[in-house]
Amino acid sequence: MTEIPDDHPRHDSLVTRHRIEDGVDDGITSRQGLIAQGRGEAYDYLLGEETIPSADAAERAAAAQLLTADHPVVSVNGNVAALVPDALVALAAATGADLAVNLFNRTEERVERIADHLREHGASGVLGTKADARIPGLDHERATVDSDGIYDADVVLVPLEDGDRAAALAEMGKTELVIDLNPLSRSAQAASVPIIDNVVRAVPNITAHARDLSEADNDAREECIQEFDREAALRAAEERIRGGVSGGA
Ligand code: ATP
């Protein structure tokens, strides 16, 4: 990987780009993943490349949801696997969630590569390779999931999900936690908890909140879930994007 000096003003953004490039070279990330990354970067630039307060509140609510779920699952696609493999493993450990590979452009080979990649980063029991269930209302490969993974989950965290699939998962009655830098995307709009932040910042921050909340009592977790206002979070992010730092948070 190309060395990027630590003091480069766009250091984090450039490191992220190289991780996605490497993901494509290694057969983990799809070529469409490059386009998704570009779209995400544009929104992140407008958000100020920071976790705004409403996103932090969403990340805390997401942590509370994962901790109180019967069967929490974190959906992993090629972008997330390339960007934050260690952080995904830490999140699963902190919340008791399963990691399930879930691809829009699904091939057996890419699923296996991502599962191997996660295992190399310390994951155990990665789901998503059985492909023995389907999300109702979707056609063909993009409906394919594991019966004991996403299909069975009551709470599912989906970073960078396609809008149709996000809507179909919500239709199944799941509590859906979506990480997406675009507050207007159909995925963010379909979410119970829309997290308008970069996965690179969001996943470690959900883990930090989960560690904190796992020491709190059930009432504190429940309060965190009840107090979260999804409409306000979407509005705050859109205001920040349209108005800049003084526009809203
Ligand atoms: P819609 O949800 O409206 O149907 P889409 O499925 O067409 O949109 P894609 O083109 O697949 O969206 O883009 C993926 C989405 O992921 C974009 O909304 C983009 O902002 C978001 N995204 C890309 N990279 C990141 C990232 N690192 N962190 C968070 N979100 C990201």
Side-chain angles (χ1 to χ4, degrees), residues 10-24 28-52 54-59 62 74-88 91 101-106 110 114 117 135 137-143 150 156-171 174 176-207 230 233-234 236-242:
R10 312 238 355 106
H11 175 272
D12 293 354
S13 168
L14 294 176
V15 167
T16 303
R17 246 180 238 183
H18 284 304
R19 283 200 196 145
I20 290 284
E21 272 182 328
D22 290 343
V24 174
I28 289 171
T29 310
S30 71
R31 285 185 300 157
Q32 284 90 341
L34 292 168
I35 298 167
Q37 171 66 21
R39 290 183 72 181
E41 273 189 26
Y43 289 108
D44 206 13
Y45 209 103
L46 294 171
L47 279 166
E49 294 178 321
E50 63 177 9
T51 301
I52 62 175
S54 53
D56 183 61
E59 285 154 13
V74 176
S75 168
V76 180
N77 69 9
N79 282 54
V80 193
L83 289 177
V84 285
D86 293 324
L88 289 169
L91 175 64
V101 182
N102 178 30
L103 303 181
F104 182 72
N105 300 296
R106 184 191 166 87
R110 205 152 70 82
I114 293 173
H117 181 66
I135 304 169
L138 292 179
D139 55 34
H140 203 46
E141 284 301 324
R142 66 198 185 127
I150 286 178
V156 57
L157 173 68
V158 280
L160 280 71
E161 183 56 283
D162 155 70
D164 279 351
R165 288 207 313 183
L169 287 171
E171 199 61 34
K174 297 183 191 303
E176 203 171 1
L177 324 170
V178 168
I179 305 173
D180 194 315
L181 280 157
N182 176 7
L184 299 177
S185 81
R186 288 175 303 148
S187 320
Q189 296 283 333
S192 315
V193 180
I195 301 163
I196 312 304
D197 200 3
N198 198 318
V199 289
V200 171
R201 297 186 298 268
V203 175
N205 199 33
I206 298 171
T207 303
R230 66 179 294 285
L234 288 168
E238 190 179 339
E239 278 168 14
R240 168 65 80 100
I241 287 169
R242 291 186 189 276

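Keep in mind that this is a model prediction, so the values were computed, not measured. Every number for a ligand or one of its atoms is a count from 1 in the order of the listing.
- The neighbour count for E171 CD, taken as heavy atoms of other residues, nucleotides or ligands under 6.0 Å away, does not exceed 12.
- Within the 3.5 Å criterion, the main-chain N or O of R165 finds no donor-acceptor partner in the side chain of R142.
- Contacts of R106 classified as side chain to side chain contact (heavy atoms under 4.5 Å, CB included), with partners at least two apart in sequence or in another chain: L103, E108, V111, A131, E141, T144.
- The main-chain N or O of A166 is never found under 3.5 Å from a side-chain atom of S187 such that the two would form a donor-acceptor pair.
- Under the side-chain hydrogen bond (donor to acceptor under 3.5 Å, both in side chains) criterion, R242 pairs with E238, not counting sequence neighbours.
- Residues that satisfy the side-chain hydrogen bond (donor to acceptor under 3.5 Å, both in side chains) test with N79, not counting sequence neighbours, are absent from this structure.
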Does ligand 1 have any N/O pairs with the protein under 3.5 Å, and how far apart?
| from | atom 1 | to | atom 2 | distance (Å) |
| --- | --- | --- | --- | --- |
| ligand 1 | 2 (O) | R186 | N | 3.3 |
| ligand 1 | 2 (O) | S187 | N | 3.4 |
| ligand 1 | 2 (O) | S187 | OG | 3.0 |
| ligand 1 | 3 (O) | R186 | N | 3.1 |
| ligand 1 | 4 (O) | G163 | N | 3.4 |
| ligand 1 | 4 (O) | R186 | NE | 3.1 |
| ligand 1 | 4 (O) | R186 | NH2 | 2.7 |
| ligand 1 | 7 (O) | R39 | NH1 | 3.3 |
| ligand 1 | 10 (O) | R39 | NH1 | 2.5 |
| ligand 1 | 12 (O) | R39 | NH1 | 3.2 |
| ligand 1 | 18 (O) | D180 | OD1 | 2.8 |
| ligand 1 | 18 (O) | D180 | OD2 | 3.3 |
| ligand 1 | 20 (O) | D180 | OD1 | 3.3 |
| ligand 1 | 27 (N) | N198 | OD1 | 2.9 |
| ligand 1 | 28 (N) | N198 | OD1 | 3.4 |
| ligand 1 | 28 (N) | V199 | N | 3.0 |
| ligand 1 | 30 (N) | L181 | N | 3.2 |

